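Since we're looking at a predicted model, the values are computed, not measured.
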Amino acid sequence: MKLTKEQLASKAWSNVIVNITGESKSGKTHLAVRSAGPRYIAYLDRNTSLSYQLLRADEEGYTWDTDNEEVEEIPPIPYADLTREEAQERVRRVESMAIKAIAKASTLGKDNKHGGTFIIDGALLLKGYIEKWKLGESSTLGYRAKRGDRGVSQIEYAESNAYFNDIISRFAGQNIDLILTWEGKRIWENYFDDSNRRQSRPTNRFRSSGPESMSFAINAEVTCAAIV
(Lines give C-alpha, C1' and ligand atoms only; values in the text may rest on other atoms or scores of the structure.)
Protein backbone atom coordinates (compact mmCIF):
# COMPACT_ATOMS: atom_id res chain seq x y z
CA MET A 1 0.00 0.00 0.00
CA LYS A 2 1.41 3.36 -1.02
CA LEU A 3 1.12 6.18 1.47
CA THR A 4 1.52 9.91 0.96
CA LYS A 5 3.62 11.99 3.34
CA GLU A 6 0.40 13.42 4.75
CA GLN A 7 -0.92 9.92 5.47
CA LEU A 8 2.36 8.91 7.06
CA ALA A 9 2.29 11.99 9.27
CA SER A 10 -1.29 11.28 10.27
CA LYS A 11 -0.46 7.70 11.23
CA ALA A 12 2.67 8.78 13.10
CA TRP A 13 0.64 11.08 15.35
CA SER A 14 -2.49 8.95 15.74
CA ASN A 15 -1.13 6.59 18.39
CA VAL A 16 1.44 8.20 20.68
CA ILE A 17 2.42 6.45 23.92
CA VAL A 18 4.24 8.74 26.36
CA ASN A 19 5.85 8.40 29.79
CA ILE A 20 5.82 11.58 31.88
CA THR A 21 8.27 11.35 34.77
CA GLY A 22 9.12 13.75 37.58
CA GLU A 23 9.23 14.36 41.30
CA SER A 24 6.16 15.29 43.32
CA LYS A 25 4.49 18.58 42.32
CA SER A 26 6.65 18.88 39.18
CA GLY A 27 3.69 19.28 36.79
CA LYS A 28 3.04 15.74 35.49
CA THR A 29 -0.75 15.98 35.79
CA HIS A 30 -0.67 19.59 34.58
CA LEU A 31 0.92 18.40 31.34
CA ALA A 32 -1.09 15.19 30.96
CA VAL A 33 -4.54 16.81 31.11
CA ARG A 34 -3.58 19.26 28.36
CA SER A 35 -3.73 16.45 25.83
CA ALA A 36 -6.10 15.91 22.93
CA GLY A 37 -9.67 15.04 23.85
CA PRO A 38 -11.73 13.17 24.49
CA ARG A 39 -9.74 12.31 27.60
CA TYR A 40 -10.19 9.26 29.79
CA ILE A 41 -8.38 9.58 33.11
CA ALA A 42 -7.64 6.69 35.45
CA TYR A 43 -6.53 8.68 38.48
CA LEU A 44 -4.56 6.64 41.01
CA ASP A 45 -2.22 9.36 42.24
CA ARG A 46 -1.82 10.23 45.93
CA ASN A 47 -2.23 13.91 45.11
CA THR A 48 -5.77 15.30 45.25
CA SER A 49 -5.35 18.12 42.73
CA LEU A 50 -7.02 16.57 39.66
CA SER A 51 -10.21 18.67 39.81
CA TYR A 52 -8.15 21.85 40.15
CA GLN A 53 -5.91 20.82 37.24
CA LEU A 54 -8.92 20.11 35.01
CA LEU A 55 -10.48 23.49 35.84
CA ARG A 56 -7.21 25.26 35.00
CA ALA A 57 -6.89 23.33 31.74
CA ASP A 58 -10.49 24.14 30.85
CA GLU A 59 -9.81 27.85 31.36
CA GLU A 60 -6.87 27.58 28.97
CA GLY A 61 -8.98 26.08 26.20
CA TYR A 62 -8.57 22.37 26.92
CA THR A 63 -12.30 22.14 27.43
CA TRP A 64 -13.64 19.29 29.51
CA ASP A 65 -16.55 17.55 27.74
CA THR A 66 -18.80 16.19 30.48
CA ASP A 67 -20.77 14.00 28.09
CA ASN A 68 -17.82 12.32 26.37
CA GLU A 69 -14.91 12.37 28.81
CA GLU A 70 -14.46 10.28 31.93
CA VAL A 71 -12.56 10.17 35.20
CA GLU A 72 -12.17 7.01 37.26
CA GLU A 73 -10.74 7.97 40.64
CA ILE A 74 -9.05 5.15 42.55
CA PRO A 75 -7.71 6.66 45.77
CA PRO A 76 -4.83 4.87 47.52
CA ILE A 77 -5.33 2.99 50.78
CA PRO A 78 -2.84 1.89 53.46
CA TYR A 79 -0.79 -1.09 52.33
CA ALA A 80 -1.89 -3.04 55.42
CA ASP A 81 -5.49 -2.80 54.18
CA LEU A 82 -4.71 -3.81 50.60
CA THR A 83 -5.75 -7.41 49.98
CA ARG A 84 -5.02 -9.32 46.79
CA GLU A 85 -8.72 -9.13 45.95
CA GLU A 86 -8.79 -5.36 46.42
CA ALA A 87 -5.66 -4.98 44.30
CA GLN A 88 -7.19 -7.10 41.53
CA GLU A 89 -10.39 -5.04 41.60
CA ARG A 90 -8.36 -1.83 41.18
CA VAL A 91 -6.47 -3.24 38.21
CA ARG A 92 -9.71 -4.44 36.63
CA ARG A 93 -11.24 -0.98 36.93
CA VAL A 94 -8.39 0.50 34.91
CA GLU A 95 -8.55 -2.32 32.35
CA SER A 96 -12.31 -1.99 31.92
CA MET A 97 -12.01 1.74 31.37
CA ALA A 98 -9.21 1.20 28.85
CA ILE A 99 -11.22 -1.33 26.84
CA LYS A 100 -14.19 1.05 26.61
CA ALA A 101 -11.98 4.00 25.65
CA ILE A 102 -10.26 2.02 22.88
CA ALA A 103 -13.64 0.93 21.54
CA LYS A 104 -14.93 4.53 21.47
CA ALA A 105 -11.73 5.65 19.77
CA SER A 106 -12.16 2.98 17.11
CA THR A 107 -15.67 4.27 16.37
CA LEU A 108 -14.34 7.83 16.04
CA GLY A 109 -11.64 6.56 13.70
CA LYS A 110 -14.25 5.34 11.26
CA ASP A 111 -15.23 9.00 10.82
CA ASN A 112 -11.57 9.99 10.49
CA LYS A 113 -11.60 11.58 13.94
CA HIS A 114 -8.86 11.23 16.52
CA GLY A 115 -9.90 8.98 19.39
CA GLY A 116 -8.51 11.10 22.18
CA THR A 117 -6.15 10.29 25.05
CA PHE A 118 -6.17 7.69 27.81
CA ILE A 119 -4.28 8.87 30.90
CA ILE A 120 -3.00 6.63 33.69
CA ASP A 121 -2.10 9.21 36.32
CA GLY A 122 -0.14 7.39 39.00
CA ALA A 123 1.13 4.47 36.93
CA LEU A 124 3.50 3.45 39.73
CA LEU A 125 0.54 2.53 41.91
CA LEU A 126 -1.04 0.51 39.10
CA LYS A 127 2.24 -1.40 38.81
CA GLY A 128 2.12 -2.00 42.56
CA TYR A 129 -1.48 -3.22 42.49
CA ILE A 130 -0.59 -5.73 39.79
CA GLU A 131 2.31 -6.97 41.93
CA LYS A 132 0.10 -7.34 45.00
CA TRP A 133 -2.57 -9.20 43.00
CA LYS A 134 -0.26 -11.48 41.07
CA LEU A 135 2.52 -12.08 43.62
CA GLY A 136 0.93 -11.54 47.02
CA GLU A 137 3.20 -8.62 47.96
CA SER A 138 4.49 -5.45 46.28
CA SER A 139 7.89 -3.87 46.85
CA THR A 140 6.67 -0.97 44.69
CA LEU A 141 4.04 -0.17 47.32
CA GLY A 142 6.45 -0.56 50.22
CA TYR A 143 6.62 -4.26 51.09
CA ARG A 144 9.94 -5.38 52.52
CA ALA A 145 10.62 -8.99 53.45
CA LYS A 146 11.37 -9.61 57.12
CA ARG A 147 14.52 -11.36 58.21
CA GLY A 148 14.20 -15.03 57.36
CA ASP A 149 11.42 -14.52 54.80
CA ARG A 150 12.16 -15.45 51.21
CA GLY A 151 10.29 -12.47 49.80
CA VAL A 152 9.45 -12.12 46.11
CA SER A 153 12.18 -12.91 43.59
CA GLN A 154 13.10 -10.86 40.54
CA ILE A 155 11.94 -13.77 38.38
CA GLU A 156 8.50 -13.58 39.96
CA TYR A 157 8.37 -9.82 39.38
CA ALA A 158 8.83 -10.57 35.69
CA GLU A 159 5.28 -11.99 35.74
CA SER A 160 3.70 -8.81 37.09
CA ASN A 161 5.79 -6.65 34.74
CA ALA A 162 4.58 -8.73 31.80
CA TYR A 163 0.96 -8.14 32.85
CA PHE A 164 1.59 -4.40 33.09
CA ASN A 165 3.14 -4.47 29.62
CA ASP A 166 0.07 -6.30 28.30
CA ILE A 167 -2.13 -3.43 29.46
CA ILE A 168 0.10 -0.93 27.65
CA SER A 169 0.19 -3.12 24.54
CA ARG A 170 -3.61 -2.88 24.24
CA PHE A 171 -3.09 0.66 22.96
CA ALA A 172 -0.51 -0.17 20.29
CA GLY A 173 -1.85 0.61 16.83
CA GLN A 174 -5.13 2.00 18.15
CA ASN A 175 -6.75 5.34 17.32
CA ILE A 176 -5.96 6.75 20.75
CA ASP A 177 -2.96 8.16 22.62
CA LEU A 178 -1.75 6.91 25.98
CA ILE A 179 -0.05 8.95 28.71
CA LEU A 180 1.41 7.44 31.86
CA THR A 181 2.68 9.57 34.72
CA TRP A 182 5.40 8.18 36.97
CA GLU A 183 7.05 9.22 40.20
CA GLY A 184 10.63 9.64 39.07
CA LYS A 185 13.70 7.91 40.44
CA ARG A 186 16.36 10.50 41.07
CA ILE A 187 19.56 9.99 39.08
CA TRP A 188 22.80 10.12 41.07
CA GLU A 189 26.16 10.97 39.57
CA ASN A 190 29.70 10.10 40.61
CA TYR A 191 32.39 12.73 41.13
CA PHE A 192 35.79 13.07 42.79
CA ASP A 193 36.14 15.38 45.79
CA ASP A 194 39.11 17.59 46.66
CA SER A 195 40.92 14.56 48.10
CA ASN A 196 40.36 12.66 44.86
CA ARG A 197 37.97 10.30 46.58
CA ARG A 198 35.03 9.04 44.59
CA GLN A 199 31.69 10.33 45.87
CA SER A 200 28.05 10.32 44.74
CA ARG A 201 25.58 13.19 44.71
CA PRO A 202 21.95 13.59 43.59
CA THR A 203 21.13 15.43 40.40
CA ASN A 204 17.95 17.22 39.33
CA ARG A 205 17.36 14.57 36.69
CA PHE A 206 14.95 11.67 37.04
CA ARG A 207 14.24 8.43 35.25
CA SER A 208 10.98 6.54 34.96
CA SER A 209 10.10 4.11 37.74
CA GLY A 210 8.28 1.91 35.22
CA PRO A 211 9.46 -1.56 34.18
CA GLU A 212 12.44 -1.39 31.85
CA SER A 213 10.74 -4.00 29.68
CA MET A 214 7.98 -1.54 28.72
CA SER A 215 10.38 0.75 26.87
CA PHE A 216 9.69 -1.04 23.56
CA ALA A 217 6.16 0.39 23.52
CA ILE A 218 7.01 3.97 24.49
CA ASN A 219 7.24 6.63 21.77
CA ALA A 220 8.48 9.45 24.01
CA GLU A 221 9.89 10.08 27.48
CA VAL A 222 9.12 13.45 29.08
CA THR A 223 10.73 14.63 32.32
CA CYS A 224 9.06 17.35 34.37
CA ALA A 225 11.49 19.39 36.42
CA ALA A 226 9.77 22.73 37.03
CA ILE A 227 7.27 23.16 39.84
CA VAL A 228 3.84 24.03 38.46
Side-chain angles (χ1 to χ4, degrees), residues 18-32 41-50 53 71-98 119-168 178-189 200-215 217-218 221-225 227:
V18 180
N19 271 345
I20 300 178
T21 299
E23 61 182 324
S24 177
K25 306 289 180 64
S26 61
K28 299 184 295 296
T29 301
H30 173 96
L31 181 59
I41 306 174
Y43 194 71
L44 302 94
D45 204 346
R46 300 179 179 92
N47 198 307
T48 59
S49 67
L50 178 61
Q53 293 288 0
V71 172
E72 178 77 18
E73 294 191 80
I74 307 175
I77 61 175
Y79 187 71
D81 297 335
L82 182 67
T83 64
R84 295 183 78 162
E85 292 74 20
E86 173 67 20
Q88 179 184 14
E89 193 269 339
R90 287 166 176 251
V91 176
R92 293 302 193 200
R93 284 169 68 181
V94 176
E95 288 185 295
S96 176
M97 188 180 184
I119 302 169
I120 302 178
D121 200 345
L124 187 67
L125 277 87
L126 177 60
K127 178 176 178 287
Y129 295 145
I130 294 172
E131 291 172 356
K132 178 67 177 181
W133 167 31
K134 291 291 185 178
L135 309 178
E137 300 293 353
S138 168
S139 62
T140 296
L141 297 180
Y143 168 76
R144 297 293 181 268
K146 297 179 181 178
R147 181 174 295 180
D149 291 349
R150 182 180 70 87
V152 180
S153 71
Q154 290 301 313
I155 294 177
E156 290 172 307
Y157 274 117
E159 176 189 351
S160 60
N161 286 342
Y163 196 94
F164 186 96
N165 290 338
D166 286 345
I167 294 177
I168 305 309
L178 172 64
I179 294 176
L180 305 102
T181 71
W182 296 92
E183 296 176 17
K185 291 183 179 179
R186 189 179 295 274
I187 297 174
W188 288 63
E189 65 180 7
S200 295
R201 61 190 172 196
T203 70
N204 288 322
R205 295 178 289 118
F206 295 83
R207 61 183 176 87
S208 172
S209 48
E212 291 184 5
S213 56
M214 72 176 288
S215 60
I218 300 300
E221 295 273 2
V222 178
T223 301
C224 290
I227 302 298

Restricting to salt bridge (charged side-chain N to carboxylate O under 4.0 Å, His left out), what partner residues turn up for Glu95, sequence neighbours left out? Arg92, Arg170

Which residue, Val71, Thr29, Ile120, forms the side chain to side chain contact (heavy atoms under 4.5 Å, CB included) with Ile41? Val71

To the nearest 0.5 Å, what is the distance between CG on Leu180 and CG on Leu124? 11.5 Å

Looking only at heavy atoms, the pair that brings Gly122 and Thr181 closest together is N-OG1, 2.9 Å

Among residues at least two apart in sequence or on other chains, which ones pass salt bridge (charged side-chain N to carboxylate O under 4.0 Å, His left out) with Arg46? Glu183

Mind listing the closest non-hydrogen atom pair of Ala87 and Tyr129 along with its distance? CB-O, 3.4 Å

Compare every heavy atom of Leu125 with every heavy atom of Leu44, then report the nearest pair and how far apart it is. O-CD2, 3.5 Å

Closest heavy-atom contact between Thr21 and Lys28? C-CD, 3.9 Å

To the nearest 0.5 Å, how far apart are CD1 in Ile119 and CD1 in Ile20? 8.0 Å

Partners of Glu73 by side-chain hydrogen bond (donor to acceptor under 3.5 Å, both in side chains), sequence neighbours excluded? none

Hey, what do you get for OG (Ser138) to NZ (Lys127), rounding to the nearest 0.5 Å? 7.0 Å

For Asp121, which of Asp45, Ile179, Ile74, Leu126 qualifies under side chain to side chain contact (heavy atoms under 4.5 Å, CB included)? Asp45

Distance (rounded to the nearest 0.5 Å) between Glu72 CD and Arg93 CZ: 4.5 Å

Partners of Ser139 by side-chain contact (heavy atoms from CB on, under 4.5 Å), sequence neighbours excluded? Glu131, Arg144, Tyr157

Can you name the ring-ring contact (aromatic ring centres under 6.0 Å, His included) partners of Tyr79, sequence neighbours left out? none

Aromatic plane relationship, Trp133 with Tyr163 - under 30° parallel, 30 to 60° tilted, over 60° perpendicular: perpendicular

With sequence neighbours excluded, residues passing side-chain contact (heavy atoms from CB on, under 4.5 Å) with Glu86: Ile77, Leu82, Thr83, Glu89, Arg90

Minimum heavy-atom distance Lys134-Arg84, with the two atoms named: O-NH2, 3.1 Å

Could you give the distance from OG1 (Thr140) to CG (Asn161), rounded to the nearest 0.5 Å? 8.0 Å

